[in-house]
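Here the structure is a predicted model, which is why all the values come from computation and not from measurement.
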Amino acid sequence: PTKPGLSDPTGRTLAPPEIYTERVGVIVMIGQSLIANRHEGTYTPASNKNQNLNPYDGKIYVSQNSILGPSGTISHVGPRVADKLIAAGHLDRVVLVSVAIGGTSIAEWVSSGQFTHRTLVAALRLADLRLKPNAILIHRGETDALNGMSQSAYFSYQAAEIFMLKNFWPHAPILIS
C-alpha cells in the first residue's frame with residue numbers, strides 16, 4: 001500500500017500567474033523526515049512568492065507551514081529556506097516540490113520501488129509548467145540505519161537514484177544530507 005501525501009489544497013491560495021517573468025528557483029525535495037512535513041514548530045511564510053507545487057493536482061499554491069506533497073502534516077523546512085533565498089535577493093520566487101514520505105527506505109525510491117512514481121510525477125508536473133529545478137535535495141538514511149542496511153547497499157541504491165534523477169534533470173545539482 002502507498003502511503004498518502006498531504007494533497008488537499010482546501011484553504012490554500014493559488015499562486016499568481018506571473019511566475020514566468022521573474023527569477024524563479026525550483027527546489028525538488030525527496031526522502032523522509034524533515035522534508036516530509038515532520039519539522040517541529042510552526043512557521044508562517046513571509047512572502048506570497050514562497051510557493052509550493054502540489055504534485056497531486058499540478059497547481060502552484062502559496063506556501064504554508066506544511067506544504068502539499070509530502071506525507072507529514074506538522075511543519076516543513078522548505079518555506080523557511082525559500083523565505084531566506086527571497087529576502088537575500090537571490091531569487092524573486094521559490095517553488096517548492098516535495099514528494100517525501102517519512103519512514104521510508106532508499107530502496108523504496110529506486111527501480112521498481114513503491115515510491116519511484118512520486119519522483120516521476122514531480123518531473124512530469126514541472127515539465128508541464130516548463131519549470132526545471134535549480135536544486136534537488138535528498139534527505140534520508142535514518143530508516144535504513146535503524147534497519148541495519150549496509151553502507152555498500154545504501155551507496156548502491158543512492159547511485160541508482162542519482163542516475164534516475166539525472167535522467168529527469170541533467171543540469172540540477174543534487175544535495176544530499
Side-chain angles (χ1 to χ4, degrees), residues 2-7 9 12 15 19 24-41 43 45 47 49-86 90-91 93-110 113-129 131-144 157-158 160-177:
T2 300
K3 297 176 185 176
L6 184 60
S7 62
R12 309 262 175 163
I19 190 165
V24 178
V26 177
I27 303 172
V28 173
M29 295 164 282
I30 303 165
Q32 63 180 80
S33 298
L34 295 179
I35 57 172
N37 281 334
R38 294 178 187 272
H39 189 275
E40 292 299 320
Y43 181 76
S47 171
K49 294 183 179 192
N50 181 338
Q51 299 173 350
N52 171 215
L53 170 64
N54 183 355
Y56 292 93
D57 67 11
K59 295 178 183 172
I60 297 175
Y61 298 87
V62 175
S63 291
Q64 292 186 4
N65 182 49
S66 56
I67 65 173
L68 297 164
S71 63
T73 58
I74 301 171
S75 183
H76 199 282
V77 70
R80 294 162 174 81
V81 172
D83 272 344
K84 288 181 183 289
L85 290 168
I86 294 166
H90 298 297
L91 297 164
R93 180 180 307 266
V94 175
V95 178
L96 305 168
V97 185
S98 181
V99 294
I101 299 287
T104 56
S105 167
I106 192 168
E108 296 174 284
W109 291 88
V110 296
Q114 73 173 353
F115 300 120
T116 305
H117 71 282
R118 294 176 64 81
T119 306
L120 175 61
V121 168
L124 293 171
R125 295 292 193 193
L126 286 171
D128 286 346
L129 295 168
L131 293 172
K132 296 178 183 177
N134 299 72
I136 301 166
L137 304 180
I138 301 174
H139 174 82
R140 76 161 62 85
E142 304 93 330
T143 296
D144 294 313
Y157 285 122
Q158 191 170 62
E161 181 176 46
I162 290 169
F163 181 79
M164 177 185 71
L165 293 171
K166 285 299 183 181
N167 279 317
F168 294 146
W169 303 296
H171 303 292
I174 298 173
L175 308 166
I176 301 171
S177 68

| Do you know which two heavy atoms are closest between Ile74 and Glu40, and how far apart they sit? | CD1-OE2, 4.4 Å
| said: Donor-acceptor check, side chain of Asn52 to backbone of Leu68, threshold 3.5 angstrom: yes or no? | reply: yes
| query | Does any non-hydrogen side-chain atom of Ile138 lie less than 4.5 Å from one of Leu165? | reply | yes
| Is a side-chain N or O of Arg125 found less than 3.5 angstrom from the main chain of Pro55, in a donor-acceptor match? | yes
| task | Return yes if a side-chain donor-acceptor contact under 3.5 Å exists between Asn37 and Thr73, otherwise no. | result | no
| query | Backbone N or O of Ala127 within a donor-acceptor pair of the Lys132 side chain at under 3.5 Å? | reply | no
| field | Non-neighbouring partners of Gln158 that pass side chain to side chain contact (heavy atoms under 4.5 Å, CB included), sequence neighbours left out | value | Ile106, Tyr154, Phe155, Ile162, Ile176
| Is a donor on one side and an acceptor on the other found under 3.5 Å between the side chain of Ser98 and the backbone of Pro70? | no
| said: Counting neighbours of OH on Tyr157 that are heavy atoms of other residues, nucleotides or ligands and sit closer than 6.0 Å, is the number greater than 12? | reply: no
| field | Gap between atom CG of Leu124 and atom CG of Leu129 - 0.5 Å precision | value | 11.0 Å
| message | I'd like to know if Glu108 and Arg140 make a salt bridge, using a cut-off of under 4.0 Å between side-chain N and carboxylate O. | response | no
| query | Would you call Asn134 and Ile27 a side-chain contact if the rule is heavy atoms closer than 4.5 Å? | reply | no
| task | Go through the steps for Leu137 and Ser177 under the test side chain to side chain contact (heavy atoms under 4.5 Å, CB included), then give the verdict. | result | CA-CA 8 Å; Leu137 304 180; Ser177 68; over 6 Å; no
| query | Does a donor on one side chain and an acceptor on the other come within less than 3.5 Å for Trp109 and Thr119? | reply | no
| request: Could you tell me which residues satisfy side chain to side chain contact (heavy atoms under 4.5 Å, CB included) with Pro79, sequence neighbours excluded, listed by chain and number? | output: Tyr43, Pro45, Asn50, Ser63, Ile67, His76, Leu96
| note | Looking only at heavy atoms, the pair that brings Ala123 and Phe168 closest together is CB-CG, 3.9 Å
| Do Lys59 and Asn54 come close enough that some side-chain heavy atom pair is under 4.5 Å? | no
| request: Could you please spell out the steps behind the side chain to side chain contact (heavy atoms under 4.5 Å, CB included) verdict for Val28 and Leu126? | output: CA-CA 10 Å; Val28 173; Leu126 286 171; 3.7 Å; yes
| query | How far does CD1 of Ile101 sit from CD of Gln114, to the nearest 0.5 angstrom? | reply | 9.0 Å
| request: Under the side chain to side chain donor-acceptor pair (under 3.5 Å) rule, collect the residues that match up with Gln32, sequence neighbours excluded. | output: Glu142, Thr143
| said: Test side chain to side chain contact (heavy atoms under 4.5 Å, CB included) on Val24 and Leu91; report intermediate values, then the result. | reply: CA-CA 6 Å; Val24 178; Leu91 297 164; over 6 Å; no
| query | Would one find more than 12 heavy atoms of other residues, nucleotides or ligands at under 6.0 Å from atom NZ of Lys166? | reply | yes
| Can you name the nearest heavy-atom pair linking Ile86 to Ser47, along with the distance? | CD1-OG, 4.3 Å
| Polar side-chain atom of Arg118 near backbone of Val99 as donor-acceptor pair, under 3.5 Å | yes
| With a 4.5 Å heavy-atom cut-off, do Ser66 and Leu6 have their side chains touching? | yes
| Where do Glu161 and Ile174 land on the side chain to side chain contact (heavy atoms under 4.5 Å, CB included) test, with the steps shown first? | CA-CA 11 Å; Glu161 181 176 46; Ile174 298 173; over 6 Å; no
| field | Donor-acceptor contact present, side-chain Arg38 to main-chain Ser71, <3.5 Å | value | no
